[in-house]
K.L.:
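This is the structure, below, for whatever I ask next.
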There are 2 protein chains.
Amino acid sequence: MKKGHQITMKEIAKKLGVSVSTISRALKDSPELHPETKRKIVEMAKEMNYQPNLLAQSLRISRSKTLGVIVPEITSHFFASCISGIQDTANTRGYNVMICQSNESLELEKANIRTLVSSQVDGLLISLSRETNQFDHLYDLYNREINFVLFDRVNEEIPVSKVTFNDVGGAYQVVKHLLEGENRRIVYVSGPEDLYISKKRKEGYLKALKEFGIDIDPTLIFKSDLTTEGNIEVAKAIAEMQPRPDAVFCMIDPVAVDVLTQWKSVGIKIPQDMALAGFTNNPTAAVVEPPLTTVAQPGYEMGKLAVSHLLDQLDGIASDDPISIVLETTLVPRKSSQHFDLKK
Amino acid sequence: MKKGHQITMKEIAKKLGVSVSTISRALKDSPELHPETKRKIVEMAKEMNYQPNLLAQSLRISRSKTLGVIVPEITSHFFASCISGIQDTANTRGYNVMICQSNESLELEKANIRTLVSSQVDGLLISLSRETNQFDHLYDLYNREINFVLFDRVNEEIPVSKVTFNDVGGAYQVVKHLLEGENRRIVYVSGPEDLYISKKRKEGYLKALKEFGIDIDPTLIFKSDLTTEGNIEVAKAIAEMQPRPDAVFCMIDPVAVDVLTQWKSVGIKIPQDMALAGFTNNPTAAVVEPPLTTVAQPGYEMGKLAVSHLLDQLDGIASDDPISIVLETTLVPRKSSQHFDLKK
DNA sequence: CTGTTAGCGCATTCAT
DNA sequence: ATGAATGCGCTAACAG
């Protein structure tokens, strides 16, 4: 184990024969200091390659200039984009970021919160796990007056700021698109019921159907546990329906991709046999064959906005009153939804 | 701005009428303490929801139990997998992780190192940016005796531990696979010359050709700047070759995907017209049409190994002498390379 | 068994 | 304009 010794103010002070407080003042450019002393100190600090000890600094001023981020999983492209946006923005505003993943587990989510709080982060950005159907840990943060902002996977009850997409609108957009393509019997493949986005997208689906005067058919609503196996089961079940639906709208792209793959393997052709659409616009959506119609969610933007608002609160620029930021999504029409179009 | 006040040992001490050190001892289960006192303290701590201040603790013991990670970009699935492996392993061993992305910029890489060192991380895990062709900042770490391990994008000269893939072997595997498929004129699309993996994969390519007694044809070696535009240019250039090569091996999957997309748009069929292969086994590789032959690199494993070794060094389990861990890759043959197979 | 003391590195108040 | 003293929250050596 190496030493890894770091230069401290004390050492500079000794070398220059001045007191530590003088060093401190010089390094933060205090005005009440002789310019010459200041110059010498700054020079020496650079020469000795002095780097301030952020831990000590944080302890002293009771602010760590560090934020905590919790996402369900880093390997998801969407969340990685969010993190990227958070990271970039936080850094330019002088903050560091500690990232954790909950691996979709409530227990890990709680544990992550504990360590981040122990690490004295100044605030938290949280996207809830799929398992999170109980929110004591968040109310606890709230009661302890720890700043946090929820994004994407939020809970509606908790009185904190949230950044979400217009999930209802996005689902509405894509289902409307399918309806305009003259599809009538449209399946919705949902996820677990507790999942915020699953509920919201269903709302959008229902809204579009209603607007087109189509009766809700509960047999057209499927539920996947979002594992590949679960998705494949749903794909099989849909394929066996008599008659087959015109189109299938999946809650998220990975589901649609799994469905597509399963159908390909049994000779079902998209979009000739059925139209298909997803949600999120993952990189895979663009490259599958046929390219998948989906709804784009700007993750980088979401991260940026979420962290900006949190920092505004921390810096006293924004009030602590919770606000709700809703980002619009964009329909990305691709070949997979040209079911009836092709028949013409 | 909220207060976010945290309970300290002092407050517990006052409440219980004992000294702070007694609290400290009780909370770390010191044996030399009256069981009853200990019980009372632990109980009270729980009741008051005490969370230790990790900053203070770190400052005191001069170890932060935090690691720094620098990757070129989080949104890359491969690096996200590495991070995931690092995160999981570090957490189970009681360490936190601070993640930074260099955005493929040398300057940001340096800045990241500075802040992480200032944050008193106990060690660093670094994957170099594409721009990094100069290594003073790493030698500086070395000279300051700060523990770090390089992974994937490494520099060979620096005397620190490294975790890499057998890039030569992986490229050899895939080119051999192409050769066994009777392809003879095989193109290699490389990246920037400074890039470690670009060089290594070229070595494997050349090795396979040599083994099959095929003369090196420099006109078959292309170079892309790895942007989509660059990749498309290369795709066009290859398409215009007379006669066309039998197969194309791209340094990384995204290049292969871009090439494939470009070719599709001009009616070139894969694998009928040419075989195509990539490297990394990104999620996209499996879902493009045709599925892309590639070489799988277990990123999660790499992260796990890199961090395990670093922690072993920090904990004194492993010596500080640099070692080199080389992970084997796995050929993933898919349809895109069945060029001559199909002709049979 | 437990309290007192000292100090990690830094910023700030109070002196001078 | 600068130094000395204090304390952020915690641990550990020393002293009983």
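Keep in mind that this is a model prediction, so the values were computed, not measured. In the text below, chain A, chain B and the rest are named by the order of the sequence lines, each starting its count at 1.
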K.L.:
Rounding to a whole Å, what distance do you find between B/Arg25:CZ and D/dA15:C1'?
P.N.:
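Between C1' of D/dA15 and CZ of B/Arg25: 11 Å.
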K.L.:
May I ask you to verify if any side-chain N or O of A/Tyr50 is less than 4.0 angstrom from the OP1 or OP2 atom of C/dC10?
P.N.:
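So the side-chain polar atoms of A/Tyr50 do come within 4.0 Å of the phosphate oxygens OP1 or OP2 of C/dC10, strictly under.
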K.L.:
Give a yes or no on whether B/Phe135 atom CZ has more than 12 heavy-atom contacts from other residues, nucleotides or ligands under 6.0 Å away.
P.N.:
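Counting other residues, nucleotides and ligands, CZ of B/Phe135 exceeds 12 neighbours.
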K.L.:
With heavy atoms under 4.0 Å as the rule, sort B/Ser21 into base, sugar-phosphate or nothing.
P.N.:
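B/Ser21: base contact, heavy atoms under 4.0 Å.
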K.L.:
Side-chain N or O of B/Thr37 versus OP1/OP2 of C/dT2: is the shortest distance under 4.0 Å?
P.N.:
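Yes, within the criterion.
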K.L.:
As a test of understanding, state which of B/Val149, B/Ile113, B/Val69 forms a side-chain contact (heavy atoms from CB on, under 4.5 Å) with B/Ile126.
P.N.:
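Among the candidates, only B/Ile113 passes.
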K.L.:
Take atom NZ of A/Lys65 and atom P of D/dC8, then tell me their distance rounded to the nearest Å.
P.N.:
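Atom NZ in A/Lys65 sits about 22 Å away from atom P in D/dC8.
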K.L.:
Taking the minimum atom-to-atom distance to the side chain of A/Ile61, which one of C/dT2, D/dT2, C/dA11 wins?
P.N.:
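Closest nucleotide to the A/Ile61 side chain: C/dA11.
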K.L.:
Can a donor-acceptor pair be found between the side chains of B/Ser102 and B/Ser105 at a distance below 3.5 Å?
P.N.:
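No donor-acceptor contact under 3.5 Å links the two side chains.
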K.L.:
Rounded to whole Å, please give me the gap between CD in B/Gln120 and C1' in C/dG9.
P.N.:
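That distance rounds to 9 Å.
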K.L.:
How many whole angstroms separate atom CE of A/Met9 from atom C1' of D/dG3?
P.N.:
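After rounding, the gap between these two atoms is 15 Å.
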K.L.:
With nearest nucleotides of DNA chain D determined for B/Gln51 and B/Glu32 from heavy-atom distances, which residue corresponds to the more 5′ nucleotide?
P.N.:
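Closest to the 5' end, via its nearest nucleotide, is B/Gln51.
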K.L.:
With DNA chain C as reference, determine whether A/Pro52 or B/His34 sits nearer its 5' end, using the nearest nucleotide of each.
P.N.:
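First, find each residue's nearest nucleotide; the 5'-ward one identifies B/His34.
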K.L.:
C/dG3, OP1 or OP2 - any side-chain N/O from B/Thr22 closer than 4.0 Å?
P.N.:
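Indeed, a polar side-chain atom of B/Thr22 lies that close.
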K.L.:
How long is the line joining CZ of B/Arg63 and P of D/dG9, in whole Å?
P.N.:
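Value for this atom pair: 24 Å.
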K.L.:
Does a distance-only test, which skips hydrogens and angles, find a donor-acceptor pair under 3.5 Å between the side chain of A/Arg60 and the base of D/dG9?
P.N.:
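A donor-acceptor contact between them is absent.
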K.L.:
Could you state the NZ-C1' distance from A/Lys28 to C/dC10, rounded to the nearest angstrom?
P.N.:
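Interatomic distance, NZ of A/Lys28 to C1' of C/dC10: 9 Å.
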K.L.:
Side chain of A/Glu301, backbone of A/Pro298: donor and acceptor closer than 3.5 Å?
P.N.:
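Checked: no pair found.
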K.L.:
Is the closest side-chain heavy-atom distance between B/Arg144 and A/Asn49 below 4.5 Å?
P.N.:
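Yes, close enough: below the 4.5 Å cut-off.
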K.L.:
With a non-hydrogen cut-off below 4.0 angstrom, is A/Leu33 in contact with a base, only sugar-phosphate, or nothing?
P.N.:
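Counting heavy atoms under 4.0 Å across all strands, the contact made by A/Leu33 is with sugar-phosphate only.
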K.L.:
By the 4.0 Å heavy-atom rule, please label B/Val18 as base, sugar-phosphate, or nothing.
P.N.:
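The residue B/Val18 makes sugar-phosphate contact but no base contact.
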K.L.:
Establish, with yes or no, whether the OP1 or OP2 oxygen of D/dA1 is under 4.0 angstrom from a side-chain nitrogen or oxygen of A/Lys38.
P.N.:
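Checking D/dA1 against A/Lys38, no side-chain N or O comes under 4.0 Å of OP1 or OP2.
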K.L.:
What is the separation between atom CG on B/Leu27 and atom C1' on D/dT11, rounded to the nearest whole Å?
P.N.:
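B/Leu27 atom CG is separated from D/dT11 atom C1' by 12 Å.
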K.L.:
Is A/Ser24 close enough to C/dC10 that one of its side-chain N or O atoms is under 4.0 Å from OP1 or OP2 there?
P.N.:
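No, A/Ser24 has no side-chain N/O under 4.0 Å of OP1/OP2 on C/dC10.
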K.L.:
Judged by modelled atom types alone, do A/Asp152 and A/Tyr196 share a side-chain donor-acceptor pair under 3.5 Å?
P.N.:
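No, no side-chain donor-acceptor contact under 3.5 Å.
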K.L.:
Between A/Leu16 (CG) and D/dG3 (P), how many Å, whole number?
P.N.:
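Rounded to whole Å, this separation is 10 Å.
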K.L.:
Reckon B/Gln57 touches a base, only the sugar-phosphate, or nothing at all at heavy-atom distances under 4.0 Å?
P.N.:
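Sugar-phosphate only.
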